Amino acid sequence: QVQLVESGGGLVQPGGSLRLSCTASGRIFKINSMGWYRQAPGKQRELVANISSGDSANYADSVKRRFTISRDNDKNTVYLQMNSLEPEDTAVYYCNAQIRGLSWTNFRDCWGKGTLVTVSS
C-alpha cells in the first residue's frame, strides 16, 4: 500500500552534480524520518544522509560539505543534492523512510528500488 520511487540518477563526470528525488505514495498516514543509503559494487549498503520530521539532518563523513538532504512534506518527497561528485560516490542509491500506512498500527521501514549513480570520466 506504500511505495517509494527514486529518480534523478545517471552518469555524471567527476566534479559534477546530481539531484535525487524520492516520492512516497499510497495509503499513507504519517512519515517520520527519511533518508538515503547507497551500495557500491562489492560493498555493503551504507547510510548517506537522513533527515527527521523536524528537518534535523545527519550525513556520512564522506559526503559532508558536498551533499545536502531536504524534504517537502506536502509532496511526501525527500531530495539529495549531490555536488562535487567523485568516482567513489558511484553506487545504487536507495530511498528509505519510516512510514505508517493508513491501516498500520506502527511505523515500518520502507525502501525504494534504487537509482544508479555513476561518476566517471
Side-chain angles (χ1 to χ4, degrees):
Q1 67 175 303
V2 174
Q3 298 84 38
L4 293 174
V5 179
E6 304 98 333
S7 64
L11 175 65
V12 65
Q13 292 184 323
S17 298
L18 286 174
R19 190 176 83 152
L20 306 183
S21 299
C22 172
T23 298
S25 62
R27 297 164 55 83
I28 297 170
F29 175 71
K30 189 176 182 180
I31 302 176
N32 280 342
S33 297
M34 306 185 79
W36 292 92
Y37 290 70
R38 68 185 182 188
Q39 187 167 21
K43 302 294 181 64
Q44 294 189 353
R45 187 174 299 187
E46 64 176 352
L47 174 68
V48 178
N50 59 22
I51 185 167
S52 72
S53 59
D55 285 349
S56 178
N58 293 312
Y59 299 91
D61 289 341
S62 60
V63 307
K64 287 180 179 177
R65 296 171 293 278
R66 298 189 298 121
F67 292 8
T68 302
I69 189 170
S70 61
R71 64 191 290 170
D72 185 335
N73 292 330
D74 291 337
K75 297 181 178 179
N76 288 337
T77 297
V78 62
Y79 305 94
L80 186 68
Q81 178 66 47
M82 304 186 294
N83 298 325
S84 301
L85 283 162
E86 304 167 353
E88 293 75 17
D89 296 315
T90 296
V92 177
Y93 284 70
Y94 297 91
C95 179
N96 169 260
Q98 283 67 58
I99 301 175
R100 184 176 176 180
L102 287 175
S103 63
W104 301 346
T105 60
N106 51 31
F107 289 88
R108 83 172 198 175
D109 209 28
C110 300
W111 293 89
K113 295 187 180 297
T115 184
L116 177 63
V117 172
T118 302
V119 185
S120 176
S121 60

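Note that the structure is a prediction, hence the values are computed from the model and not measured.
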What is the distance from atom CD of Glu6 to atom OH of Tyr93, rounded to the nearest 0.5 Å?
-> 12.5 Å
Check residues 111-121 and write down every donor-acceptor pair under 3.5 Å in which the side-chain atom is one partner and the other belongs to a residue at least two apart or another chain.
unit_1	atom_1	unit_2	atom_2	d
Trp111	NE1	Asp109	OD2	3.4
Thr115	OG1	Gly9	N	3.2

Give a yes or no on whether the backbone of Cys110 and the side-chain of Asn96 come within a donor-acceptor separation of less than 3.5 Å.
-> yes
Treat each ILVMFWY residue as a node, draw an edge where side-chain heavy atoms are under 4.5 Å apart, and state whether Val12 and Val48 are in one component.
-> yes
Hey, any chance Tyr37 and Ile69 share a hydrophobic cluster, counting ILVMFWY side chains that come within less than 4.5 Å of each other, even indirectly?
-> no
Which residue pairs pass the salt bridge (Lys or Arg N to Asp or Glu O under 4.0 Å) test when at least one of the two sits in residues 54-64, sequence neighbours left out?
-> Asp61-Lys64
With sequence neighbours left out, what residues match Ser62 under side chain to side chain donor-acceptor pair (under 3.5 Å)?
-> Arg38
Which distance, rounded to the nearest 0.5 Å, do you find between the CZ of Arg108 and the CD of Gln98?
-> 11.5 Å
CG on Asn50 to OH on Tyr59, rounded to 0.5 Å = 9.5 Å
Name all residues meeting the side chain to side chain contact (heavy atoms under 4.5 Å, CB included) criterion together with Asn106; count only those two or more places apart in sequence or in a different chain, and write none if there are none.
-> none
Which heavy atom in Val78 sits nearest to a heavy atom in Ser70, and how many Å separate them?
-> CG2-O, 3.2 Å
How long is the gap from CD on Gln3 to CD1 on Ile99, to the nearest 0.5 Å?
-> 9.0 Å
Indicate the atoms forming the closest heavy-atom contact of Ser53 with Asn73, along with that distance.
-> O-ND2, 4.4 Å
Check whether Met82 and Leu47 end up in the same hydrophobic cluster, where Ile, Leu, Val, Met, Phe, Trp and Tyr are linked by side-chain heavy atoms less than 4.5 Å apart.
-> no
Going by atom type alone, with no hydrogens or angles, which donor-acceptor pairs under 3.5 Å involve a side-chain atom of residues 13-36 and a protein atom two or more places apart or on another chain?
unit_1	atom_1	unit_2	atom_2	d
Ser17	OG	Asn83	OD1	2.9
Thr23	OG1	Thr77	OG1	2.9

Residue pairs fulfilling salt bridge (Lys or Arg N to Asp or Glu O under 4.0 Å) with at least one residue in residues 90-107, sequence neighbours excluded | none
Looking only at heavy atoms, which two atoms of Asp72 and Tyr79 are closest? And how far apart?
-> CB-CE1, 4.1 Å
Ser84 OG to Phe67 CZ distance, which is reported to the nearest 0.5 Å = 9.0 Å
